[in-house]
Amino acid sequence: MGTAERQRAPEQQVGERGESRRELWIEEPARRRRLPDPVRTAAVRAVIIVSLTLIQAMIAFLSAVAGSWLSFPMVLSSVASTVVATWGVLDVWVTRQVYNQRHGVVSVPSSTARGLRRERRRARRQARAAARGKERIRSRGGAGQLSHS
């Protein structure tokens, strides 16, 4: 919804004194679908781990600049936290791939694929109809002949 559309939005209220005011919150439909629960959980976990790692690295840098005794243990723990943060980000990717494999992805077949399937179905129907026709001729007592001349 653009600025011009928001200005023309009918969601206006009339106040107690008769003046009109616009709504503060305008509900808009989502542009993208929501992430599945396991993927969203992994993403939230990864964001928290990465943010704590960045804070820890900043503290390690500032304590090193200040010459504090705390800088060495903070640098070591920052390295370990970086490994954990990398694991967290990879966990999001792996969880998403596993979810897509287990639950399938929403896809629309292309028009060529749809046409090929129609052709195959049509050929199968014709083959079945031909087989039924031959079976009827055999069941009538003929030896595969169309006429008794």
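These figures come from a predicted structure and were not determined experimentally.
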Notebook entry, point to check: So which heavy atom on T95 is nearest to which on A42, and how close?
Noted result: OG1-CB, 4.0 Å
Next item on the list: Give the minimum heavy-atom separation between G88 and A46, together with the two atoms involved.
Entry: O-CB, 3.6 Å
Next item on the list: With sequence neighbours left out, write down each residue that passes salt bridge (Lys or Arg N to Asp or Glu O under 4.0 Å) with R40, or none if nothing qualifies.
Entry: D37
Item checked: With sequence neighbours excluded, residues passing salt bridge (Lys or Arg N to Asp or Glu O under 4.0 Å) with E135 -> R138
Distance (rounded to the nearest 0.5 Å) between [X] [atom1] and [Y] [atom2]:
X    : Y    : atom1 : atom2 : result
M58  : L54  : CE    : CG    : 9.0 Å
Q126 : R124 : CD    : CZ    : 12.0 Å
F72  : S63  : CZ    : OG    : 12.0 Å
R122 : R118 : CZ    : CZ    : 8.0 Å
I48  : T53  : CD1   : OG1   : 11.5 Å
D91  : T86  : CG    : OG1   : 12.0 Å

Item checked: Residue pairs involving residues 71-85 (criterion side chain to side chain donor-acceptor pair (under 3.5 Å); sequence neighbours excluded) -> Q56-S77, Q56-S81
May I ask whether [X] and [Y] are part of the same hydrophobic cluster, defined by side-chain heavy atoms of I, L, V, M, F, W, Y residues being less than 4.5 angstrom apart, directly or through others?
X   : Y   : value
L35 : Y99 : yes
W69 : I59 : yes
V50 : I55 : no

